[in-house]
Amino acid sequence: AQTVTQSQPEMSVQEAETVTLSCTYDTSESDYYLFWYKQPPSRQMILVIRQEAYKQQNATENRFSVNFQKAAKSFSLKISDSQLGDAAMYFCAYRGSGSRLTFGEGTQLTVNP
Amino acid sequence: DGGITQSPKYLFRKEGQNVTLSCEQNLNHDAMYWYRQDPGQGLRLIYYSQIVNDFQKGDIAEGYSVSREKKESFPLTVTSAQKNPTAFYLCASSIVAGGPETQYFGPGTRLLVL
């Protein structure tokens, strides 16, 4: 079974600085998808960014980018120019064959003004 | 506006009572999912459905039941057999067409036991 591990329960960053959230996963599949979701205090899950495993190029969405290391099974999220609105719980998720998502335990990000 | 709605926002259950959480989507998505979220944990899959009149158990299906009579609707019933139902419940949907099949989430329902 696939597992997703987020080793940082909490992280903090100063406003306008850069922070990186870690995620590792375990799988025997070669074709899969990886996602980062954000859950603000409202608890609505919001898609931040996704990565297809067959693509070598790292995905980027404005201030959010990933460092995808397939051989190391690592999928970290970098947030540049952090803003107060980035404060949230961030979840890494994996989807292999089938439609099921497997989530990590989450990283609580605090942004300090 | 297209999206996923969940109701109610808060739900209270008495001992021995069955309660039903509503999830509706107008995104024309084929697949729908129910997740449970407990404090300090990630989301755990309860049930999912990829097509009308068909659904599969997830990792923690015991004490829950679902139906999928319409493409737009996927209600979740928390039965009296679920001994620890207090949690935040999230519904999601996605297309089923290959590719990432990104899941999009509703706003959630918080269930509390009286």
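Lettering of chains follows the sequences in order, A, B, ..., and the numbering in each one begins at 1. Bear in mind that the values here come from a model prediction, so they are computed numbers and not experimental data.
For the atom pair A/Met89 CE and B/Gln37 CD, the distance stands at 7.5 Å (nearest 0.5 Å). Residue A/Phe35 holds its CZ atom at 4.5 Å from OG1 of B/Thr102, rounded to the nearest 0.5 Å.
Side-chain contact check for A/Gln39 versus B/Phe88: some heavy-atom pair is nearer than 4.5 Å. Counting heavy atoms from C-beta on, the side chains of A/Arg43 and B/Leu90 never come closer than 4.5 Å. In this structure the side chain of A/Tyr37 reaches within 4.5 angstrom of the side chain of B/Gln103, judged on heavy atoms.
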Any chance you could lay out the side chain to side chain contact (heavy atoms under 4.5 Å, CB included) test for A/Leu101 and B/Glu101, step after step, and finish with the verdict? CA-CA 10 Å; A/Leu101 276 179; B/Glu101 296 183 8; over 6 Å; no
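A/Arg95 touches chain B through its side chain: at least one heavy atom from C-beta onward sits under 4.5 Å away, while N, CA, C and O do not. B/Arg44 does not touch chain A: none of its heavy atoms, backbone or side chain, sits under 4.5 Å away. For B/Leu43, the parts lying near chain A are the backbone and the side chain together; criterion is any non-hydrogen pair under 4.5 Å. Looking at B/Gln50, the atoms closer than 4.5 Å to chain A (heavy atoms on both sides) all sit in the side chain, from C-beta outward.
Listed by sequence position, A/Gly104, A/Glu105 are the residues of residues 104-113 of chain A in contact with chain B, using a 4.5 angstrom heavy-atom cutoff. The interface of residues 49-69 of chain A with chain B, defined by heavy-atom distances below 4.5 Å, comprises A/Arg50, A/Glu52.
In terms of hydrophobic clustering, with Ile, Leu, Val, Met, Phe, Trp and Tyr side chains grouped at heavy-atom distances under 4.5 Å, B/Ile60 and B/Leu76 are assigned to a common cluster. One hydrophobic cluster holds both A/Leu77 and A/Tyr94 under the rule that ILVMFWY side chains link at heavy-atom gaps under 4.5 Å. Tracing side-chain contacts under 4.5 Å through hydrophobic residues (I, L, V, M, F, W, Y), one reaches A/Val48 starting from A/Leu84; they form part of the same cluster. Taking hydrophobic clusters as Ile, Leu, Val, Met, Phe, Trp and Tyr residues chained together by side-chain heavy-atom distances below 4.5 Å, A/Phe75 shares a cluster with A/Val19. B/Tyr47 and B/Leu45 sit in two unconnected hydrophobic clusters of ILVMFWY residues. Membership requires side-chain heavy atoms under 4.5 Å apart, directly or through other members.
Applying the side-chain hydrogen bond (donor to acceptor under 3.5 Å, both in side chains) rule to B/Asp54 yields the partners B/Gln56; only residues at least two apart in sequence or on another chain are considered. Annotation: side-chain hydrogen bond (donor to acceptor under 3.5 Å, both in side chains) contacts of B/Glu72 (sequence neighbours excluded): none.
Nearest heavy-atom pair, B/Phe105 versus A/Gln44, reported as atom, atom and distance to 0.1 Å: O-NE2, 2.7 Å.
At most 12 non-hydrogen atoms from other residues, nucleotides or ligands lie less than 6.0 angstrom from NZ of A/Lys78. The number of heavy atoms from other shown groups lying within 6.0 Å of CD1 (A/Ile46) is above 12.
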